[in-house]
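No experiment lies behind these values; they were computed from the predicted model shown.
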Amino acid sequence: MQAWLASHPIISYVVIFVLITYVYNKVFRPQQKLSLPKEILLYIFMAIGAFMLLIFQIDKLPIIQCLLVAVGLMMLVRIRYFVEGRQKKKTEASGHTGKM
């Protein structure tokens with residue numbers, strides 16, 4: 001897989017950019033919306049960073065694989081919060097119906 005990704009740099013760049021954009025939006029995005037020029041500048045810097053990570057990927061470091069592991073762990077945490085939220089709603093619903 002590493003050799004295939006190194007021989008297809010455009011696909012590797014797009015995958016890296018999408019993954020770092022996802023990580024930023026789910027973990028590091030501020031609560032307030034940024035202004036449009038700041039948002040554009042941020043994505044330009046992320047594109048430059050994705051290019052630097054592409055260089056490391058081509059140089060045989062597992063950048064894409066590490067980003068995929070990070071995204072996978074983030075999804076596990078979101079699933080856990082979802083399940084805990086459903087369990088909490090069930091206990092609240094069953095607790096309220098019996099106290100009349």
Is there a continuous path of hydrophobic side-chain contacts, each under 4.5 Å between heavy atoms, that joins M1 to V15?
yes

Quick one: closest heavy-atom pair of L19 and L67, and the distance?
CD1-CB, 3.7 Å

Give the C-alpha distance, both sets of side-chain angles, the deciding distance and a yes or no for side-chain contact (heavy atoms from CB on, under 4.5 Å) between S12 and I58.
CA-CA 9 Å; S12 296; I58 291 172; over 6 Å; no

Let me see the working for R80 and E84 under salt bridge (Lys or Arg N to Asp or Glu O under 4.0 Å), right down to the final yes or no.
CA-CA 6 Å; R80 179 178 172 203; E84 285 179 356; 3.1 Å; yes

Any side-chain to backbone donor/acceptor pair from Q57 onto L5? Under 3.5 Å, distance only.
no

Reported CD1-to-CG distance for the pair I63 and L68, which is rounded to 0.5 angstrom:
11.5 Å

Once you round to the nearest 0.5 Å, how far does CD1 of I11 lie from CG of L54?
11.5 Å

How long is the straight-line distance from OH of Y22 back to NZ of K26, given to the nearest 0.5 Å?
5.0 Å

With side chains defined as the heavy atoms from C-beta onward, is the minimum distance between F45 and I48 less than 4.5 Å?
yes

To the closest 0.5 Å, what do you measure between CD1 (I16) and CD1 (I55)?
10.0 Å

Mark yes when over 12 heavy atoms from residues, nucleotides or ligands other than F56 sit less than 6.0 Å from its CZ; otherwise mark no.
no

Spell out, yes or no, whether V23 and I44 are grouped together once hydrophobic residues are joined by side-chain heavy atoms under 4.5 Å, including indirect joins.
no

Give a yes or no on this: more than 12 heavy atoms of other residues, nucleotides or ligands lie within 6.0 Å of atom CZ of F51.
no

Take a 6.0 Å sphere around CG of L76 and say whether it holds more than 12 heavy atoms from other residues, nucleotides or ligands.
yes

Measuring from I20:CD1 to F28:CZ, what's the distance to the nearest 0.5 Å?
11.5 Å

Is the shortest side-chain heavy-atom distance between L53 and F17 below 4.5 Å?
no

Is K33 close to K38 at the side-chain level, that is, under 4.5 Å between some pair of heavy atoms?
no

Checking side-chain contact (heavy atoms from CB on, under 4.5 Å) for the pair L41/M46: CA distance, chi angles, key distance, verdict?
CA-CA 9 Å; L41 188 63; M46 280 199 290; over 6 Å; no

Is any side-chain heavy atom of H8 closer than 4.5 Å to one of Y13?
no

Shared ILVMFWY cluster between V14 and M52, side chains joined below 4.5 angstrom?
no

Contact check, side chains of V77 and L73, non-hydrogen atoms, under 4.5 Å:
no

Does atom CZ (R29) have a neighbourhood of more than 12 heavy atoms from anything else shown, all under 6.0 Å?
yes

